[in-house]
Amino acid sequence: MRHILPKDAADMYALNSDPEVLRHTGDSNFVSLAASEQFIRDYPDYRVNGFGRWAVLRIEDQALLGWCGLKRHPGGMVDLGYRFFQRYWGRGYATEASLACLQWGFEVAGLEEVVGRVAKANTASIRVLEKVGMTFWGEEPCEGIQESLIYRIRKG
């Protein structure tokens with residue numbers, strides 16, 4: 001995993017152009033390739049928080065599979081998020097990347113707790129959160145998703 005870079009704009013544009021990938025996110029696609037590149041250039045999280053969403057690359061060929069990472073929200077909450085191209089779903093990449101992010105968050109960033117917010121209908125993502133050790137914590141609307149669940153994991 002590494003920072004998402006402007007050279008990744010075409011992949012990020014393609015990822016966010018797939019309605020099935022966005023189905024449970026509450027997000028919309030980029031309006032253009034240029035907008036994707038500008039989003040990446042303006043992305044403040046690495047500078048402001050020292051972490052953010054990272055590009056996930058396959059080791060053997062450096063193919064960009066999607067992204068995974070931690071995000072600090074106003075108020076201090078840190079969430080784990082991920083998004084992968086459909087062709088890589090069901091292969092364990094989300095679980096592997098999520099475990100690496102959590103380990104980094106607890107051991108390097110010194111986080112005490114990380115949450116995972118997920119649409120109630122997104123059973124595949126719920127399974128990933130459970131596989132990485134998160135447990136159900138509550139329900140509340142989340143960034144455009146009315147029926148959203150919150151999972152969490154604490155350091156230790």
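Residue numbers run from 1 in the order of the sequence given. Side chains are part of it too, since the values below use all heavy atoms of this structure and drop only hydrogens, waters and symmetry mates. As the structure is a computational prediction, the values presented were derived from the model and not from experiment.
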*May I ask whether V31 and L15 are part of the same hydrophobic cluster, defined by side-chain heavy atoms of I, L, V, M, F, W, Y residues being less than 4.5 angstrom apart, directly or through others?*
no
*Closest non-hydrogen atom pair, G52 against Y43*: CA-OH, 3.5 Å
*In one Ile/Leu/Val/Met/Phe/Trp/Tyr side-chain cluster, 4.5 Å: W137, L70*: no
*Could you pull out all residues at least two apart from E112 that satisfy side-chain hydrogen bond (donor to acceptor under 3.5 Å, both in side chains)?*
none
*In terms of hydrophobic clusters joined by side-chain contacts under 4.5 Å, are L99 and Y93 together?*
yes
_Set of side-chain contact (heavy atoms from CB on, under 4.5 Å) partners for E96, sequence neighbours left out_ = none
*Can you sort out the partners of A97 under side-chain contact (heavy atoms from CB on, under 4.5 Å), two or more places apart, ordered by chain and number?*
M1, V56, C68, F84
*Set of residues satisfying side-chain hydrogen bond (donor to acceptor under 3.5 Å, both in side chains) with respect to S148, sequence neighbours excluded*: none
*Report yes if some heavy atom in the side chain of L149 is under 4.5 Å from a heavy atom in the side chain of N122; otherwise report no.*
no
*Provide the full list of salt bridge (Lys or Arg N to Asp or Glu O under 4.0 Å) pairs with a residue in residues 130-139, sequence neighbours left out, each pair given once.*
K120-E139
_With rounding to the nearest 0.5 angstrom, report the CG to CG distance, D11 to L65._
10.0 Å
_Sub-4.5 Å side-chain heavy-atom contact between D45 and K71_ = yes
*Who pairs with F85 by ring-ring contact (aromatic ring centres under 6.0 Å, His included), at least two apart in sequence or on another chain?*
none
*Go through the structure and list residues passing ring-ring contact (aromatic ring centres under 6.0 Å, His included) with F30, not counting sequence neighbours.*
F39
*Passes side chain to side chain contact (heavy atoms under 4.5 Å, CB included), L80 versus M134? Steps please.*
CA-CA 10 Å; L80 170 71; M134 289 189 169; 4.1 Å; yes
_Would you compute the distance between atom CD1 of I150 and atom CZ of F136 and round it to the nearest 0.5 angstrom?_
8.5 Å
*Test item: R91 and R58 side chains (from C-beta on) under 4.5 Å apart, heavy atoms*: yes
*With sequence neighbours excluded, tell me which residues meet side-chain contact (heavy atoms from CB on, under 4.5 Å) with L5.*
R2, H3, K7, D8
*Can you check side chain to side chain contact (heavy atoms under 4.5 Å, CB included) on I4 and Y46, steps first, answer last?*
CA-CA 10 Å; I4 298 171; Y46 306 136; 3.6 Å; yes
*Calculate, to the nearest 0.5 Å, the distance between atoms CG and CG belonging to L111 and L102 respectively.*
9.0 Å
*Hey, what do you get for CG (N16) to CG (L22), rounding to the nearest 0.5 Å?*
5.0 Å
*asked:* Can you list everything that forms a side-chain contact (heavy atoms from CB on, under 4.5 Å) with A9? Sequence neighbours excluded, please.
replied: L33, S36, E37, I40
*Checking Y82 side chain against S125 main chain: does a donor-acceptor pair fall under 3.5 Å?*
yes
*Can you measure from CG (D18) to CZ (R87) and round to the nearest 0.5 angstrom?*
9.5 Å
*Looking at residues at least two apart in the chain, or sitting in another chain, which of them share a side-chain hydrogen bond (donor to acceptor under 3.5 Å, both in side chains) with R154?*
E113
*Okay, side chain of N49, backbone of F51: is any donor-acceptor separation there less than 3.5 Å?*
no
*Distance from Y151 atom OH to T135 atom OG1, nearest 0.5 Å?*
8.5 Å
*List the steps and the verdict of side chain to side chain contact (heavy atoms under 4.5 Å, CB included) for V21 and W89.*
CA-CA 10 Å; V21 169; W89 290 1; 3.9 Å; yes
*Summary of salt bridge (Lys or Arg N to Asp or Glu O under 4.0 Å) pairs that have at least one residue in residues 73-85, sequence neighbours excluded*: D27-R83, R53-D79, D79-R117
*Which residues satisfy the side-chain hydrogen bond (donor to acceptor under 3.5 Å, both in side chains) test with R47, sequence neighbours excluded?*
none
*Are any side-chain N or O atoms of S98 and backbone N or O atoms of T95, one a donor and one an acceptor, separated by less than 3.5 Å?*
no
